[in-house]
2 protein chains.
Amino acid sequence: MKKQPQLNNNQICQTRLNAIRDAMEILSGKWKLNILGTIIVGGKMRFMDLQREIHGIGSKMLAKELQDMEVNQLLTRTVLDTKPVTVEYEISEYGKALAPMIDEMVKWGIGYRDLLSRKSTTKGQFS
Amino acid sequence: MKKQPQLNNNQICQTRLNAIRDAMEILSGKWKLNILGTIIVGGKMRFMDLQREIHGIGSKMLAKELQDMEVNQLLTRTVLDTKPVTVEYEISEYGKALAPMIDEMVKWGIGYRDLLSRKSTTKGQFS
DNA sequence: TCACTTACTTTCCAATAGGAAACCAGTTTC
DNA sequence: GAAACTGGTTTCCTATTGGAAAGTAAGTGA
């Protein structure tokens, strides 16, 4: 008799795995968390503002990631009737709800950097 | 005078962005969080156990992701001197520290599913 | 008319991710 | 001796990601 999976083979684990898969898909790619974080901090922001804030992003990727996140309702897009037309992006309720996750991510990332720098200072650097 | 970036142009934001980038790099790919979650729940696990638990993963990806995470010190690898040699993978201190982030991710993912199902049941589906 | 702004879109390309299948080496069981 | 278990590695292939650069459309100012 072959061994069968046991751990992940129950409803609670499957629900958790689905939730993780959803979150990873919706936040996938190099830029989404960066864009989202910038909008969370900055409030309403226009396309060119975002491109200026987010170092290194091209207009193609910015437009694409914004569209993805609008479809997934993480943010809203409003076209303003200005002289050259401007577009405002704002965080939605469900986008805001990502803040605790992002904060935990930041906490872990910072802790991990600390670990690495402490290990590498074993050989007597100052500080 | 052109507009200059302001929001992300300070030390606190840069530190946060670096932390997010670190976390995303270390956890990148389709399988790492799944593998990690399985080891967190299951404790010490062997290669074939993991392959049985994680539905759909091939030996190539499992081996590669385990190596990545061992290098990044999220888990430990121990070769046991058994009849056919067996290898145990176990979560490390820094891997364990990911649990709060994973939990926040799960919370958000579940809340997001709720949102979608509530919106889609507007047209009267049963349950 | 020319240049510059807005917000994108399109095209073309290179690099990476990831899967299927075969293979490998050592040990045990039938 | 053949088959099956262990924990992988190797090869080959396709699909996705993401970047650079140019183009588009509409409006403003000199």
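Side-chain to base pairing of Ser59(B) with dT9(D): one donor and one acceptor N or O lie within less than 3.5 Å of each other.
A salt bridge links Lys107(B) with Glu104(B): the closest approach of a Lys/Arg side-chain nitrogen to an acidic carboxylate oxygen falls below 4.0 angstrom.
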Evaluate the side chain to side chain contact (heavy atoms under 4.5 Å, CB included) criterion for residues Leu62(B) and Trp31(B): first the C-alpha distance (whole Å), next the side-chain angles of each, then the deciding distance (0.1 Å), finally the verdict. CA-CA 8 Å; Leu62(B) 181 54; Trp31(B) 298 109; over 6 Å; no
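Within the 4.5 Å cutoff, no side-chain heavy atoms of Ile110(A) are placed close to those of Arg113(A). Within the 4.5 Å cutoff, side-chain heavy atoms of Ile57(A) are placed close to those of Ile35(A).
The backbone N or O of Leu115(B) sits nowhere less than 3.5 Å from a side-chain atom of Tyr94(A) that would complete a donor-acceptor pair. Remark: the backbone N or O of Ser28(A) is paired with a side-chain donor or acceptor of Lys32(A) at under 3.5 angstrom. Side chain of Asp49(B) to backbone of Met45(B): no donor-acceptor contact under 3.5 angstrom is found.
Protein atom CG of Leu80(B) is 16 Å distant from nucleotide atom P of dT27(C), rounded to whole Å. When the P atom of dT9(C) is taken as reference, atom CE of Met61(A) falls 13 Å away, rounded to whole Å. Distance Glu70(A) CD to dC8(C) C1': 13 Å, rounded to the nearest Å. A straight line from CD1 of Ile54(B) to P of dG8(D) spans 13 Å, rounded to a whole angstrom. Put simply, CD on Gln51(A) is 14 Å from P on dA21(D), counting in whole angstrom units. Between Lys83(B) atom NZ and dG26(C) atom C1' the separation is 15 Å, expressed in whole Å. Regarding Leu62(B), its CG atom lies at a distance of 17 Å from the C1' atom of dA21(C), rounded to whole Å. One interatomic measurement links the two molecules: CG of Asp81(B) to C1' of dG7(D), which rounds to 15 Å at whole-angstrom precision.
In the set dG18(D), dT6(D), dA7(C), the nucleotide with an atom closest to the side chain of Lys60(A) is dG18(D). Nearest nucleotide to the Arg46(B) side chain, out of dG18(D), dT9(C), dG7(D): dG7(D). Nearest to the side-chain atoms of Phe47(B) among the listed nucleotides dG7(D), dG18(C), dT9(C) stands dG7(D). Of all nucleotides listed (dC8(C), dT6(C), dG18(C)), dC8(C) comes nearest to the side chain of Tyr89(A).
Both Thr82(A) and Glu65(A) sit near DNA chain D, but only Glu65(A) has its closest nucleotide nearer the 5' end.
Within the 4.0 Å cut-off from OP1 or OP2 of dT9(D), at least one side-chain nitrogen or oxygen of Gln67(B) is found.
Within residues 18-36 of chain A, the residues having any heavy atom under 4.0 Å from DNA chain D are, by residue number, Gly29(A), Lys30(A), Trp31(A).
Thr86(B) comes within 4.0 angstrom of sugar-phosphate atoms only, judged by non-hydrogen atoms across all strands, and of no base.
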